[in-house]
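Just below is one structure, and these are the notes that go with it.
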Amino acid sequence: MPELPEVETVRQGLAKWVTGRRIDTVEVRHPRAIRRHVPGDVHFAAVLKGRTITDVARRGKYLWLPLDSGDAVIAHLGMSGQLLMQPATAEDEVHLRVRVTFADDGPQLRFVDQRTFGGLSVSEGGAELPEEIAHIARDPLDPLFDDELFVARLRGKHTEIKRALLDQTLISGVGNIYADEALWRAQLHGARPTDALTRPAVRRLLAHVRDVLSEAIVAGGTTFDALYVNVNGESGYFDRSLNAYGREGQPCHRCGTIMRREQFMNRSSYSCPRCQPRPRLPLR
DNA sequence: CCTGCCGCCTGCGCGC
DNA sequence: TGCGCGCAGGCGGCAG
């Protein structure tokens, strides 16, 4: 479940179900799911066997499971990945990629991923913060997120505001849905040049990003179809609260104008033509 | 250095 | 029915 609220929902569920448990076996069913683990599937399974998971941590859309060895399992869900807790008796999912069983015979951890953009890997010595994801910025819900640094860095860029929101090295956790939602709340078009935004405008936008992410976590994330579920296979309900994403042809919840869809970065962007007018001068 | 585009995958819904 | 097309919430790598 790609964006921060969905990943955080998974993190919370995982933390409850796997913290303190000792791994017994690891079965890699599809090599692509561990392609980022360069030493390969045999090594992946061997280095995890007998290890105890001590926590479940997150930065942006990345999760990692610190182990008692000081290593960590990095997990990224990509576009369609799921981490599910399942009893051993549950039938294998069609897109089951990795199965982890525990020494206590409790529920299994399964990595299921239709499109295989996601994956698992082991980070050597990565229990604190895997070096593989050290380039990812803190997310805006992280207490150590530096607001003024973000404002300065964003205004120092020469790009469009939506691109900046999706730049995980600048601010992490925001994806296509929540970028559109925050821009709608801030009444900014995604093509607005970052270097022409005032400091207060960027601070307001950041506050809206925080609000929408926080509200979505409370709702258990956004679910459009069976691909996006928590560790128990349950859907979130933030889709009912969306004001922009997917609302092409429907009236703006603020002014009633019919919402539009535009192509942007090879994906769809939704906005209100009246509340979020296109910038007069295109970026150049 | 920076920005922006491409490729990686599978499956679904739509129009013809 | 079948087929091709466009679309999908992500990221890393690389070209310019």
Side-chain angles (χ1 to χ4, degrees), chain A residues 1-10 29-38 58-63 74-83 93-97 111-121 130-137 139 153-183 190-191 193-195 209 212-213 216-217 219-230 235-239 241-242 244-249 261-270 282-284:
Chain A
M1 350 222 100
E3 304 185 44
L4 187 153
E6 294 76 34
V7 178
E8 174 60 19
T9 299
V10 170
R29 307 267 308 234
H30 195 307
R32 197 176 141 77
I34 59 142
R35 67 193 179 286
R36 305 242 177 249
H37 189 79
V38 177
R58 180 184 60 74
R59 176 168 286 202
K61 304 170 197 173
Y62 279 90
L63 294 172
I74 299 174
H76 196 281
L77 302 175
M79 294 281 270
S80 56
Q82 305 174 333
L83 286 165
E93 293 78 4
V94 174
H95 301 295
L96 176 63
R97 307 306 190 193
F111 179 67
V112 176
D113 190 8
Q114 176 194 105
R115 292 174 71 185
T116 64
F117 285 172
L120 308 180
S121 60
E131 61 179 44
E132 293 87 340
I133 59 178
H135 65 291
I136 302 293
D139 67 65
R153 286 189 63 201
L154 185 138
R155 295 181 72 241
K157 281 178 162 293
H158 183 64
T159 189
E160 297 170 340
I161 184 62
K162 183 165 176 181
R163 283 185 188 281
L165 285 180
L166 297 178
D167 180 352
Q168 304 298 301
T169 67
L170 180 65
I171 180 172
S172 69
V174 181
N176 202 35
I177 292 181
Y178 298 109
D180 278 5
E181 292 302 309
L183 289 166
T194 48
D195 42 11
V209 169
V212 75
L213 294 177
I217 290 172
T222 301
T223 304
F224 295 131
D225 56 47
L227 285 181
Y228 307 104
V229 295
N230 69 14
S235 298
Y237 56 86
F238 193 73
D239 58 312
S241 304
L242 295 176
Y245 191 84
R247 298 200 66 248
E248 181 187 22
R261 177 168 71 119
E262 296 170 299
Q263 281 302 117
F264 184 81
M265 295 171 72
N266 281 329
R267 54 219 307 204
S268 295
S269 294
Y270 301 87
L283 189 72
R284 58 168 195 87

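In the text below, chain A, chain B and the rest are named by the order of the sequence lines, each starting its count at 1. Because the structure is predicted, anything quoted here is derived from the model rather than measured.
Atom pair A:Met79:CE and C:dG9:C1' shows a separation of 6 Å (rounding to whole Å applied). Across the protein-nucleic acid pair, A:Arg163 atom CZ and C:dG10 atom C1' stand 15 Å apart, rounded to whole Å. Atom NE2 of A:His158 is separated from atom P of B:dG4 by 8 Å (rounded to the nearest Å). Note: CG (A:Asn266) to P (B:dC8) measures 14 Å, nearest angstrom. Here the P atom of nucleotide B:dT3 and the CG atom of A:Leu166 are 14 Å apart, to the nearest Å.
Taking side-chain N and O atoms only, A:Lys157 has a distance below 4.0 Å to OP1 or OP2 of B:dT3. Distances shown here put every side-chain N or O of A:His135 at or beyond 4.0 Å from the OP1 or OP2 atom of C:dC11.
With C:dG9, B:dC9, C:dG12 as the candidates, the nucleotide lying closest to the side chain of A:Tyr62 is C:dG12. For A:Arg115, whose side chain is taken as the heavy atoms from C-beta onward, the closest listed nucleotide among C:dC7, C:dG12, B:dT10 is B:dT10. Across C:dG9, C:dC7, B:dC6, the shortest atom-to-atom separation from the side chain of A:Gln263 is found for C:dC7.
Using modelled atom types, one finds no donor on one side chain facing an acceptor on the other under 3.5 Å when comparing A:Glu3 with A:Tyr228.
Pairs of Watson-Crick or G-U wobble type, with distances under 3.5 Å, assemble into runs of 3 or more in DNA chain B at these ranges: B:2-8 with C:10-16, B:10-16 with C:2-8.
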